[in-house]
Every structure is written in C-alpha cells, then in structure tokens.
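Heavy atoms only: backbone and side chains are in, while hydrogens, waters and symmetry mates are out. Letters go in sequence order (proteins before strands), and every chain restarts at 1. All values reported here derive from a predicted model rather than from experimental measurement.
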Amino acid sequence: MKVIKIDKNIWAGGIDSLRSGYRLFGPVMQGDAHEYKELTSDETPDMAYTNTRLSPKSVVFPQSEPMFTYSLDENNPEHHILKDAPKDYSPRAVIGMRPCDAKALSLVRMNFDTEEYRDPFWMNSYDATTFVGLACDSPCETCFCTSAGCGPYHEEGFDVLLSDCGDAYEAKALTEKGEKLLAAAGWTAEGDASVFEPKKAEAEAKIVCKVESSNLRGKNSLDLYDAPFWKELSFACINCGTCTYACPTCWCFDIQDENKGTEGVRMRNWDSCMTSLFTLHGSGHNPRDQKHQRFRQRFMHKLKYFVDKYDKGLMCVGCGRCVQQCPANIDIRTICNKMNGYEAAS
Amino acid sequence: MQNPYKAYPVRIDDIQVATADKTLRTFKFVFLNPEDEEKFSYHVGQFAELSIPGQGEIPIGIASSPSEKGFVMFTVFRTGKVTSHLHNMKVGDIMGLRGPLGNWYPIENLEGKNIVIIGAGFAFTTLRSTIKYLLEPENRKRYGRLDVIYGARNPGMILYKDELVEWEKRDDINLNLTVDGTDDPDWKYHTGFVPTITETQAPQGDDDTYAILCGPPMMLKFTKPVLDKLGYQADHIFMSLENRMKCGIGMCGRCNIGKELVCKDGPVFTLDKLNEMPEEDQ
Ligand SMILES: Cc1cc2nc3c(=O)[nH]c(=O)nc-3n(C[C@H](O)[C@H](O)[C@H](O)COP(=O)(O)OP(=O)(O)OC[C@H]3O[C@@H](n4cnc5c(N)ncnc54)[C@H](O)[C@@H]3O)c2cc1C
Ligand code: SF4
Ligand code: SF4
Ligand code: FES
C-alpha cells in the first residue's frame, strides 16, 4: 500500500487542485458546531474538528432528496408519469471523515445494495464518492468505537486514510480511487508507513470506554424483546428522534409527494422509528403506539436484529453522537451492556 | 438494473363498486407500455405499490390471477389520503404501478396437496387471486381437495360475489360463504364467524393438507387455535401480514417485525416462522 507524505504547507494548494475534478465535502464550523457540507470554492475542510453533530451520511443520503418529478397538467402528454429527477453523480470526495462514519456507511450499504434490489440514489452517490479519512488521535469521552468493531485507525470504507503528524499528514492510499485522488491533488512525496502502527496503538489506548456485546448474538430475540427493562429504560425518552437523525447507521426514510401548482416532486426524507406516525396504519391501528415499543425497536434493531441478520456485528459504530446529544441522557452503552447481560428467567 | 422505485405507467381501464356500502372499489389497470406487463410478471399473494403522482403510494395485494392476461386488478378500501383520492379517480386516468413486491403463497411447492383457503373481510383479494389461479383447468388437476371459507360482515360486504356464486356450483371446490349476521331471507349460505365455520367445515389437518389464511387480526387470532385443534402443523399454515409500508423493497426500514421485513421477507409467513417473531403490540 502506497503512503504519501503531505506537508501541511501544500495541503490547501492540493485541496484547490481537487476542486476541478471533484465536488468536495468536509467538516466546517457552522454556528457553534462542526458540520459536513459541500465546500464552497473558498472553503477548506477544518481538520482540527473532533466530531460533527450530524454524521456525514448526508453526503450519500441527503436528509431530503428528489427521486422523481412529474406533471399533473393533463395537457402535458406525459402527465402523471414519473420522470427521473436531475442528479449530479460526478465524482465527489469527502475530506477528513472519521473512521467510525466510514464504517457506518459500509454497514448501511448492506441495506441499500442487496441481491434483489439496488437503491440507485444511495449507490450512485456512494460509488461517485472518494472517502478520505482522518484518523482520530484524540477521541472524545463518549467514543466506544473499539467495542463496536471499529477504531480510531479503522480503514474500512476509506479510499485514503490520513494521520496527522504535526507538520504533515501521512496518507495511506487504500484503493485505486484513493491513489487517483492523491495524484490529482499533486501530492506525490513518498511517506513513512511505519508511523501508522504505533499511532494506532496509542489512539486505541485512549479509548477507555468499553461496551460488552459478545453475548448478543447468542441471545434469544424473543427473550430480549420480552425483557422486563424496556419501560424503565425508556422512561426518560421523549421520542424526539435526535438520536436517529444524528446517527450514521440510521437509514430509515419516508417517501412524500410535494406539489407546487401542476408540477411535483417525489421526495425521500429521513424518518425516525421514534415517532408514532412511523408505523401508524390507515385503519388507526398502530403496532408501536407506545413509547417503550418505539424505544425497544431502535435498540433491538441496532443491537440484535441487525446482528442476527447480517452477522457483521452491531449496527452501531460507537461514534457517541446519540450519547452526547440525547436530551434525556439515554445512553446506548448502558442499554447494550444490559441486553448483553440479560438472562431470561426460565 | 431498473430503478425499483419507478412505477410503470398504467391507465385505469375499469372501476367497479365492490360492496354495498361503497367503501371498496375494484380497479383494473392496463400498462401504457405493453412490454411492462411482462416485466410485471407476478405470483399469487404478491402485492404492488399503487403510485399516484401528487398523492403518494399505497401497498395493495394483487387481486387478479397471473393466469388473467391484459390487466392487473386490485380492490381498495377507502380509508385515508391516497385511497380516498383513488376512489375519486375515473376510467382513463393515468397513474403508476410498482412491483410485483414481496413473496407469495408457495403453491408451486404444494402440488398434489390439499389446500384450504380461509379469509375474512377485504383481505380476500389475494385469496381471490389464488383461487382463480388454482381453478384454471391446467392447474386444478395438479392439486388435491380445495376448500374455501370466506366470511364477511353481511351479504353486501362480500367481494367478488358473482364469481363466488359460480364457484359455489362447481364440484371441484368446497366453498363455504359465511356472514356474521343477516336478516336477508334469501341468504342460503352459512351464518357465523369464520373460526366457527372453519371448525365444522375445514378438513382435518394432515401431512398433505395446507391452510392459507388472510384476514383481520381478530379473525387470525381465533382461527389459529381452531386449525391447531384440527391437526394442522404450524409449518402447514401460511399467513399474509400487513404493516405500514413505504418502499416495499426492504429499504426504508418501516415494516419490520423483529428482523423480518414484511414487505420483502413477507408478506407471507408460515405460522411456524411467526411463532419465532416478536408479537408487536406488546
Ligand atoms: C401487503 C399489503 C397488502 C394490502 N392489500 C390491501 C388491499 O388489497 N386492499 C386494501 O384496501 N388495502 C390493502 N392494504 C392496506 C393499504 O395499504 C392501506 O389501507 C393504505 O396504505 C392506506 O393508505 P391511505 O393513504 O389511504 O391512508 P393514510 O392513513 O392517509 O396513509 C398514509 C400513508 O401511510 C401508509 N399506510 C397507511 N396505512 C397502511 C397500511 N395498513 N398498510 C401499509 N401502508 C399503510 C401508506 O404509505 C399511505 O399512503 C394492504 C397493505 C399491505 C401492507
Ligand atoms: S435522543 Fe434520547 S430522548 Fe430523543 S428519541 Fe433518542 S433516546 Fe429518546
Ligand atoms: S447508535 Fe449512537 S453511538 Fe452508535 S453509531 Fe448511532 S449515534 Fe453513534
Ligand atoms: S416498506 Fe420499506 S422496508 Fe418494508
């Protein structure tokens, strides 16, 4: 694997060179927090950030996205026929993404790229993107990635992984796509591959928070579902949905038609299993009309159903966003430990 | 690969009021592009998204049989936004059809077996598709005994009545029609709830006899123990479920029960499988 050294004094110039070939996305300060956004021609990614409030899932899966357009005007010979919404799948690159967020996208990909169906919106965006990661040398207190099948130097889902070495980045090209981006930026100086291992060990040692999940797969799903603790655990939850919006591994969406006069767009929008409308039937019946049922759905999906369905670990990468942002102090780490340790009375 | 969210354009070819209270209508659709009909090749028990640009999409079971060519048929209960709009549409209007979606009643694996079909209310649509298919001469001879038990609130609420009356006269199907109650002196079929009629009319369960069930939750709840008593094994009972849906292709995450997605892993499950799945509502 090729390692390139990027002196920080040529960093901004390289980013500028990338602008002609890529739409660039990266973390920038927005108000009082960092967020991922498409960079304007005078913005560079702020590589000094620790974490963003929302995950970068929006780069491939926008919060609201047009799927089709249509005309309701009966004089239009093609009225009421869905037309592909205009899309831009030209090459794009995310610069400075955290390893947990990249792993999250590879987990979510399993949902959108299946044997039977391929979600063209998600997949085309994903395929158009080059993912340039930034390893975490100073993780937050709420991070538990090393217990969630990930880590501060995890490479899964990246095309390039950068490690900040003070005056320079060491850049590991992980795929051909990654090599192409480094070349396009004009970054060619040979780097030092040996920095990665020790820095990785050092960063991993800083993540002290551990979550137990090794028993989850062996547990009986119905036992966990019927466990007595759901009402108690969900007591403080206000079903605000913050956790699902901020989470990089939450992908549920809604489809809505938006009309303006005789023109309209079929949109898809992020949705949340924390709202009761999510499952409300036309008849008024709702299989999850109570708070603890929706709460249980979120955690069972992440920590049990997904685990059973794919055998690829948790549907959580330990980014800690939901822990930091929940207004009711609900902590997935506590819930995971509780589920992992639960023994049903026989 | 084709975009699985894109509906085939169709024209409404026929609309019939299906019940006396006019809450159900049966729609026949014809594909604007004839080659789409081939792509929409379906099995009995599958569903489709009826896609009305400007209104939204609704999952509806396919009521026509794969053996009926030239159209696809659905029977729709008027309840909320999209179904109400559909009820106000007219013959000739253009809309979309997306599918076929979901799994199906595995009747191709049941050759030589006896089949009992039990339905209630307007969930009878995909059962109509199944019966119609099984009764085609080239299909009927491949199966053993065929029993049907179908219940509605009153005679006016029975779907596909003309067809049922014709089927009732045949000797290769035992059709048991029932209503919850009626003061119609001309009603010459059963009166009583589906579970009760099942108890007296359904054949005994054995290795070669399978049940297909579709209906409202109460009917399912009370029919299951009856089938158990009659000796049906849980893996010989197929049930079709309904959950709120959007994508219909296993992507939007809305319709799950446990790790199963009703839209893709279902809507048809064996009772055996359902027993391993959490009971939502608790
Ligand atoms: C597999 C399957 C087969 C079905 N077959 C039939 C049928 O043959 N005939 C029939 O009349 N009805 C059937 N239904 C129920 C039908 O889909 C709902 O009645 C319909 O979606 C209500 O839409 P609405 O816009 O009028 O209601 P609203 O309450 O306004 O709903 C808004 C949206 O919510 C969703 N939604 C609401 N209720 C349901 C529901 N019960 N199931 C799924 N999505 C829902 C739809 O996306 C709908 O557009 C079936 C449902 C499923 C899942
Ligand atoms: S952020 Fe907290 S309060 Fe809000 S829905 Fe999630 S768990 Fe509940
Ligand atoms: S569940 Fe919480 S900690 Fe896990 S990936 Fe989602 S936001 Fe991050
Ligand atoms: S309806 Fe979207 S996953 Fe089933």
Original post:
How far apart are the C-alpha atoms of His281(A) and Asn243(B), what are their side-chain angles, what is the distance that settles it, and do they pass the side chain to side chain contact (heavy atoms under 4.5 Å, CB included) test?
Top reply: CA-CA 7 Å; His281(A) 293 195; Asn243(B) 252 2; 3.5 Å; yes
**OP:** Under the side chain to side chain contact (heavy atoms under 4.5 Å, CB included) rule, what do Asp271(A) and Arg254(B) come out as? Steps first, then yes or no, please.
**Re:** CA-CA 9 Å; Asp271(A) 206 344; Arg254(B) 184 172 309 270; 2.8 Å; yes
Subject >> Trace of the side chain to side chain contact (heavy atoms under 4.5 Å, CB included) decision for Lys6(B) with Phe68(A) >> reply: CA-CA 8 Å; Lys6(B) 196 163 185 177; Phe68(A) 302 104; 3.7 Å; yes
Original post:
Hey, mind stepping through Tyr5(B) and Arg268(A) against side chain to side chain contact (heavy atoms under 4.5 Å, CB included) and telling me if it holds?
Top reply: CA-CA 11 Å; Tyr5(B) 296 102; Arg268(A) 86 150 152 210; 3.5 Å; yes
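With a 4.5 angstrom heavy-atom cutoff, Met300(A) does not touch chain B via any of its atoms. For Ile58(B), no part lies under 4.5 angstrom from a heavy atom of chain A. When heavy atoms are compared at a cutoff of 4.5 Å, Asn259(A) approaches chain B solely by way of its side chain, counted from C-beta outward. When heavy atoms are compared at a cutoff of 4.5 Å, Met277(B) approaches chain A solely by way of its backbone atoms N, CA, C and O. Residue contact with chain B, scored on non-hydrogen atoms closer than 4.5 Å, is absent for His301(A). Heavy atoms closer than 4.5 Å to chain B are found in both the backbone and the side chain of Thr279(A). Proximity to chain A (any heavy atom under 4.5 Å) is shown, for Met251(B), by both the backbone and the side chain. Proximity to chain B is limited to the backbone of Ser283(A), based on heavy atoms less than 4.5 angstrom apart. There is no contact between Phe306(A) and chain B, counting heavy-atom distances below 4.5 Å.
Counting heavy atoms of neighbouring residues, nucleotides and ligands inside a 6.0 Å radius, atom CD of Glu108(B) exceeds 12 of them. In this structure, Phe235(A) places its CZ atom where only 12 or fewer heavy-atom neighbours from other residues, nucleotides or ligands lie under 6.0 Å away. Within 6.0 Å of NZ on Lys312(A) lie no more than 12 heavy atoms contributed by other residues, nucleotides or ligands. More than 12 heavy atoms of other residues, nucleotides or ligands lie within 6.0 Å of CZ in Phe74(B), so this atom counts as buried by the packing criterion. Heavy atoms from other residues, nucleotides or ligands lying under 6.0 Å from NZ of Lys221(B) number 12 at most. Heavy atoms of other residues, nucleotides or ligands lying less than 6.0 angstrom from NZ of Lys22(B) number 12 at most.
Chain B forms the most heavy-atom pairs under 4.5 Å with one residue out of Leu82(A), Asp84(A), Asp119(A), Leu72(A), and that residue is Asp119(A). Heavy-atom pairs under 4.5 Å with chain A peak, among Met95(B), Lys81(B), Met245(B), Lys264(B), at Lys264(B). In terms of heavy-atom pairs under 4.5 angstrom with chain A, the leader among Gly253(B), Cys252(B), Pro4(B) is Cys252(B). Contact tally against chain A (heavy-atom pairs below 4.5 Å) for Ser51(B), Pro9(B), Gly54(B), Pro217(B): the top residue is Gly54(B).
Of all the heavy atoms in Thr79(B) and Gly282(A), the pair that sits closest is OG1-O, 3.1 Å. Nearest heavy atom pair, residue Gln55(B) against residue Asp257(A), reads N-OD2, 3.3 Å. When all heavy atoms of Leu277(A) and Arg244(B) are compared, the closest pair comes out as O-NH1, 3.3 Å. Nearest heavy atoms, Tyr70(A) versus Pro53(B): CG-CB, 3.6 Å. Residues Tyr117(A) and Pro100(B) share a closest heavy-atom pair of OH-O, 4.2 Å. Contact between Ile94(B) and His80(A) at its shortest, heavy atoms only, is O-CB, 3.3 Å.
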